Chemist: 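One structure is given below, represented as structure tokens, and several questions about it will come after.
Chain letters run A, B, ... following the sequence lines, proteins first and then strands; every chain starts at 1. Everything numeric here is computed off the predicted structure, so don't read it as measured data.
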Amino acid sequence: MSDNSQYQPRIAAFLCNWCSYGAADLAGVSRLQYPPNIHVIRIPCTGRMSPKFILQAFRQGVDGVWVSG
Amino acid sequence: MEAVAQKIRETAAKLLSEGKVDCVIGYAQGTVPMRDYPYFAYTPEEAQNLTWSPFCCNNLANFLIRRPKGEIGKVAIVAQGCVSRSIVGLIKENQIAREDVYILGVPSPGMVDRRKVQDRFPLKTITEVTVDGEDLVVKGKDFEERIPQKEVRRDNCYTCVQRNPVIVDEMMGEEGPSDWGGNIDAVAAPWEKLEPGERWEAFIDEVDSCIRCYACRDACPLCYCHVCFVDEAMPQWCGKTQDEADVATFHILRAFHCAGRCTDCGACESACPQGIKVRRFTSKIEKDIRELYDYSPGMDLEATPPLSVYRPNDPQEFIK
Amino acid sequence: MKVAEHPRFIDMDKCIACGACYDKCPKRIPNEYNEGLDKRKAAYVRYAQAVPLKYSIDKDNCIYFQKGKCRACQKFCPTGAVDFEMEEQQRELQVGSVIISAGFRPFDPSPYVQYAYANFPNVVTALEFERILAASGPWLGHLVRPSDEAEPKKVAWIQCVGSRDINSCDHPYCSAVCCMYAIKEAVIAKEHSKENLDAAIFYMDMRTFGKDFERYYDNAKEDGVRFIRSRIHSINQLADKSLQIEYATEDGRAMLEEFDMVVLSQGLEISPETAAMCRQLGLELNSSSFIDTASFTPVASSRPGVYVCGALAGPKDIPLSVMEASAAACAAAGNLSSARGSMTKEQVIPEQRAVAGDQPKVGVFVCSCGINIAGVVNVDEVAEYAKTLPYVSYVENNLFTCSQDTQDKMAEVIDEQGLNRVVVAACTPRTHEPLFQETMVGAGLNKYLFEMANIRNQDSWVHSDQPEMATEKAKDLVRMAVAKAALLSPLQEVQLEVDPGAMVIGGGLAGMNAALELAKQGYSCHLVERDNALGGNARSLRATAKGEDVASYLVELSQKVEEEPLITTHLGTVIKDVDGFVGNFKTTLAGDSGEEVVEHGVAVIATGASEYKPNEYAYGSHPKVMTHLEIDDGLVSGEVDPKQVNSLVLIQCVGSREPERPYCSKVCCTHSVETALHFKEENPECQVVILYRDIRTFGERELLYKEARSKGVLFVRYDVDQKPVVEADGEGLKVTVRDHILGRDLLIDADMVGLATAITSHKATDLAQMFKVSMDEDGWFLEAHQKLRPVDFATDGVFMAGLCHYPKPIEEAVAQAQAAVARAVTVLSSKEMMLPGTVAVIDQSKCVGCGVCWTVCPYQAIDEDENGLAVVNEALCKGCGTCVASCRSGAPNLRGFTNQGVMAQIMAL
Amino acid sequence: MKSLLEYVGIEPGRLHFSWISSAEATKFQETVVEVTESVKALGPAKHMIKDIRKVA
Amino acid sequence: MADKILAKDKLGDFLGKLQADYEVYAPQEVEGKPQWAPVEESDKVLWDFSNTHTSPKDFFFPQTEIMMRFKNVQDHENGMVMEAEPPLANKRLLFNIRPCDAKAFQVLDLIFVQDEMTNDLFWKDKRDKTTLVGLACSDPCPSCFCTSMNCGPASTTGLDALVFDLGDKLLVRALTEKGEAVAEGLDDAAEADQAAAEEQTKAAEAQISSSVGMDKVNERSVMELYEAGMWDRVYENCLNCGTCTYVCPTCHCFDIQDETQGESGRRVRNWDNCMSWLFTMHGTGHNPRGAKKDRVRQRFMHKFKYIPVKRDGEIGCVGCGRCVLLCPVNIDVRRVVNDMNA
């Protein structure tokens, strides 16, 4: 977990494999630029998302959690 | 109050002698002041030990699931408003069968919070407390005082919305008013009034005295999982240490698991040896459930709990 | 069968579609794909989503072929795929059946001199407008007009250009699709344009007959699309190249209006080359040079063994074309069923190495993907970092991990190094995961011991301006992937043997056809019919649109069903309960002979529909007011004798296109026209009047409409707000209707009034619940996807055919029955089904039986076993993991995305 | 969940939910920017961190 | 070692002197309950309280104690660097500790400090560096039964010095060298003071109402007690929470866990209790004490039978009464032991 000079937040992004992960790929294909702070964790569906993961992410010291279905 | 206790004893003895039930679960006089304890009467004679007082703070529904299923067949249970709502919840979650339970309904007198009484006599040792009409007679080594029950009633009893039992087989006393006039919404979720910044301090200093004994979890009728998430090691959701994060994780997740199920019986707060107001978390969640889904747990046997079924008109404004 | 393959001058095996030849080719030519609106190169690929995605060289425009020099593409091709010496190849194919789906050519509106398509730049065809709207089109989806690329504020659509017209072009038929695509283009154009675009559609009859088409039409009206019923004669161009249209309104006033653009809704036609090819193959074409097909065999051409589908057999939209495609496949496979599986090669899968319990040894393959990744992310630094990660025993960089040679090298490395986990840091798993998993299976490793780190689509491509941050992120992603990979365990794909039997519910025309086709394919089938006789609604039909007699066909069909040994018919039987899932259904049938449990692998629902009994137009209070089915019944049984009828009035849209049934029943217009013709034939003096809102004789049925008009059948249009009134007048009837041209009421004495009543669904909710399938609000069964899977249900193993999907004529019902069989055979043809390994599993020691998971499971894949605990039915489980998150006691776990695995990823964040 | 964490003191800006179809690439990009800005504005996380370097 | 006298008004500088070389802790009022806390002002020290809410055992046996840290270093020869936690920084003094709590530490010493080989260094280090100055009970509460547990309002076992509260002055009786170090510099106590202390003790002993018979328990064999029928009625309403064990001064069970984060990690010892099923859960899934009855019985048998048998008569309970007060379902240890004894 490297923090360089200018504060870079670490964000855990839980993306649903069929919808948001697809949108992320499409954003890649169309070369849309966005800040690199999100770290994507692929889940089969937002149904898989459980509060335990959100709490665990905060316990690991991430600055933000984003769940997208 | 005494009339109700007498009715309970008679009914229990009758049920036991007729063999309609194998055991009656009720309360008995405790060896420590203000502490009546759950008591299992198997014979009509034992039924005589049953009492009913404003010190019955445990939720007896808890013992319908704690005992091995096969051992005792039909059980009678003394149940006031919140306990009966817990029984409804347990039936809906397939933990007990309606026909296994014979419910002795009691209008809840509003239980006394023994810490509020203790706080009136800081550092003094109370030797005996007796009920006298609407008041309590508190005796100690060199003092005796009379306190009206209303002033030391438990928070959740004060704002209780359902004093009379929801489902009942036999009533032990006539139904009283359904609440004590407290407004649950005004009292619920006290920390909402705080500044977002201060809330974390308030939360931490409330739970920092927690010694992780899990009495709040074990006193609650909703916590019947074989393996609680705190006991899981692979992966370990919540550490066993006294670190701020572990204690916080435990309390947040325990409260989260009561979402849409907690009947606000206050057993967790009475059980906590450190006197932590754990109801602060559940009252916030139940307030949200009421606002978002207009549902209060354990009121009606048929209603499907809101969090276990998806309806198109569920509120979703928090999703962008 | 001899086939000539034109050369493409690029070796398909070598080409990796990197696009270098396209960039370097100097020659620019109008791009047919975008209707010539923009340019393409001589070395090109037809469109971005071509399959296979391989480039080719356009011989007629390539400078090397014309003038003998340049060769730019050959110099820059990284894999040396360009080969100018390729020639045309003659191939000899040994086949059992042939399916022709050569399709249609959009009509070129140049012959319409008055529309001056050729010289007015802002007069565009519908296909050009489609390209203008498309994101991959010449202006990237930005709505502009070709002349000055300004944003149009007013656009007009002119319908029936090249359809229903015999003087400018020889196309008497209706192309069936133009009305719908015009409305679609208008609605989407309104969405695309910034301010409120004024869209107007000039039409004769608005033909939105398909499923949910009418709703789309109503919504378009609400969105403000103007529908003007007027045939446009000519377009003239103003100074600023905008266009002026003259038209007459319904009440006869002449109007003049300017539009920035005019779209000609061009029809469909068969190109002369296609027609020549069909004749060369000995296939008969009809007058409009479509391939002639019979109603009862909609996909069979005149030559046995040759089948046809799609627009080549007549103008139709995508859902029907896809249905016909499956039907053609079923028909083609029908007579080959004896040789099924004889030519398939058995794929050799090496024995799988047991890795459970060994120390994880992870192999990390970091890909450069040419410059796509390496251009931004420092792949070497990522590889070095990967070496320091726990459990990583082998790291390798390569240029293109997905190329064939790297795949083979990868398989060797897995063997040599004894790797038992593979992490590939490259592109998105959504497209490439199966490819790498195949390689792992080939190397004897369980394919679920695999994880990908998406450092291209979600890292290098989107952070191209921050290379060092992108490299840092790549390391994080690789670390997370390795953390999860270390915890992956080999998963076995569940094998379920498939019961080869089938069940068809509903013994109507569609049901019987389905049963017969299944038998022809060699599968036994149970045909369940509620009634005591086969035939369903078809029993009261006289003839098809093409005049073929229905009754005799029905008799012949039910005989074939009786004689067919593979079909067991259950008459007077109802479905009582359905258990099981795709491949293993157990259905309890309840009939007068008591209950019976039948095992089958698939089910085809063909329960048909029923006729709407109206309560308007004095129906029921006068014997001579009958529904069009009752009239047909009468004609077949002789009760109704056209000779005694001197005046017949037929009223259309009775019950259809109403708020309670906002859909068009599709077949009534054709049926009324055909009845009218029959009456005229039998009794020429009989005066026949058809009162209609829109005559929807789509496709080649338009010829019937033309013939009816020529034979003197009167067509009077009524408005939905001023419906005709029918009163009893002694023996006969009096019908008054407001004539829109005269503007006065018309009084018709009629001996008989026929009502074109709607077709309503059975609303069989109990059947739907038993098979766990869904229905739309009107009660029609909801197909998985309107265009891609029109006969499948969302629930696997259940298919539909006939009226229960949506009202349709006989030939479409038969086609859908054959299509349903083709789809069903995809399940029945394999002995056992492979189910993906990523399914949930429940640890019963932790389960308390509280029931949250089986209430929350979207696929009802979790059942309560005998002692009240939850158990997952792995055939139905789609691996979404909702149960895992909803369970408080943590009993379920999802293989492939285990709690431990996801937690490891979070910890490695 | 979101209201409980907010109630307990974790700033709402740290937890985001959204629905994005696989075709809405631009919406995905806008949401990423929005989430990153809202988290960056709140600075590093202060609460709930399980930090084993701290003495018990 | 003669008794000494300390006037209460001189208590401030007496404690000030002690704070020079000790960290002094004493029961003070915290959130309305008597709790152990470092002494800032001497008048905050409590005198008229029955006992602290929770036991002082976490001074020697903290609920979470880091035993060592480790770091995975690639180029280090054995790949792993380990460093122990630093021992206690400076000496401590527990002032006004109740005799029963002190006796509890003596019971735990028998377990934690047996011989060189198996000493619990963490416990021993803290015990050696701490001096216990007890305060004799003058007003035992109804739930105390220390007299039945080889202990009493003025028992001296485990203490370095014992103080009697004689109203305006304190009689300090040094018991060990450490106690003497504390008491030196005080003038001797008069006969009258000593007599007052004696009779205060007698009065306190008389005031203790509840008593617990242990005679038959000691006679009966372990198996006999184990299979006694009375356990069925005891375990019924127990919730199996962990309150009684965590507030009890003599409960000493713990669980050691390694917590890792990325490359580094730490070994942590946390309190654990025999009430939770996880405590005795085996890796194979077998659990010797699977049922609630076994676990509840274990707690009482361990304190009143196993320890006396193994530690020649020492009882694993000091009768402080905390578990009686705090058990949510009021399982009264006195009633249980009397049932065992019946």
Side-chain angles (χ1 to χ4, degrees), chain B residues 62 64-66 68-70 86 88-97 100 217 220-239 245 249-250 252-262 285 297-298 301-312 314, chain C residues 360 480 483-484 486-489 774 776-777 841-860 862-871 880-895 897-909:
Chain B
N62 200 348
L64 293 177
I65 40 170
R66 284 277 187 272
K69 279 208 170 42
S86 302
V88 166
L90 289 177
I91 293 172
K92 258 195 283 190
E93 287 170 9
N94 316 338
Q95 293 309 306
I96 43 174
D100 280 357
R217 173 195 73 173
C220 176
L222 307 176
C223 284
Y224 46 77
C225 297
H226 297 164
V227 177
C228 176
F229 69 92
V230 281
D231 299 339
E232 277 186 70
M234 186 54 192
Q236 188 172 34
W237 312 104
C238 149
T249 310
F250 165 66
I252 291 176
L253 261 178
R254 183 199 73 82
F256 194 76
H257 283 170
C258 300
R261 304 166 64 217
C262 165
I285 294 182
L301 209 50
E302 272 65 38
T304 52
L307 293 185
S308 72
V309 70
Y310 167 72
R311 287 194 204 86
D314 283 349
Chain C
M480 283 158 69
K484 181 177 180 194
L487 292 170
L488 287 175
S489 56
S774 42
D776 66 9
E777 312 99 280
V841 62
I842 291 189
D843 169 1
Q844 296 219 318
S845 70
K846 287 186 179 172
C847 171
V848 286
C850 67
V852 166
C853 56
W854 59 69
T855 38
V856 119
C857 172
Y859 302 97
Q860 284 92 33
I862 302 179
D863 319 315
E864 187 181 358
D865 65 6
E866 61 290 352
N867 33 37
L869 302 181
V871 65
C880 70
T882 312
C883 57
V884 185
S886 68
C887 176
R888 288 183 290 274
S889 29
N893 206 350
L894 179 66
R895 293 202 187 103
F897 291 86
T898 57
N899 292 331
Q900 301 83 338
V902 177
M903 280 292 278
Q905 276 192 306
I906 300 176
M907 308 271 254
L909 250 178

Chemist: Can you say whether C/Cys847 sits under 4.5 Å from chain B via the side chain, the backbone, both, or neither, judging by heavy atoms?
Modeler: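 Interface part for C/Cys847: backbone (N, CA, C, O).
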
Chemist: CG of C/Leu869 to CG of C/Asp863: how many Å apart, nearest 0.5 Å?
Modeler: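 Rounded to the nearest 0.5 Å, the CG-CG separation comes to 12.5 Å.
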
Chemist: Sort C/Thr855 into side chain, backbone, both or neither according to what part of it lies under 4.5 angstrom from a heavy atom of chain B.
Modeler: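 Contact with chain B: backbone and side chain both.
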
Chemist: Applying ring pair (Phe, Tyr, Trp, His ring centres under 6.0 Å) between B/His257 and each of B/Phe229, B/Tyr224, B/Trp237, B/Phe250, report the one that passes.
Modeler: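 Considering B/Phe229, B/Tyr224, B/Trp237, B/Phe250, a ring pair (Phe, Tyr, Trp, His ring centres under 6.0 Å) with B/His257 is found only for B/Phe229.
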
Chemist: Under 4.5 Å from any heavy atom of chain B, what part of C/Ser845 do you find: side chain, backbone, both or neither?
Modeler: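 Answer is backbone: N, CA, C or O of C/Ser845 sit under 4.5 Å from chain B.
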
Chemist: Would a distance-only check, ignoring hydrogens and angles, find a side-chain to backbone donor-acceptor pair under 3.5 Å from B/Gln95 to C/Val848?
Modeler: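 Answer holds: yes.
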
Chemist: Is there a donor-acceptor contact under 3.5 Å from the side chain of C/Asn899 to the main chain of C/Val902?
Modeler: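 Not confirmed, C/Asn899 side chain does not pair with C/Val902 backbone.
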
Chemist: Quick one: of C/Gly851, C/Gly890, C/Gly849, who has the most non-hydrogen atom pairs under 4.5 Å with chain B?
Modeler: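 Top option by heavy-atom pairs under 4.5 Å: C/Gly849.
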
Chemist: So for B/Arg261, is it side chain, backbone, both, or neither that comes closer than 4.5 Å to the heavy atoms of chain C?
Modeler: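 Looking at B/Arg261, just its side chain touches chain C.
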
Chemist: Pairing donors with acceptors under 3.5 angstrom, does anything connect the side chains of C/Gln844 and C/Asn867?
Modeler: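 The criterion, which ignores hydrogens and geometry beyond distance, is not satisfied for C/Asn867 and C/Gln844.
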
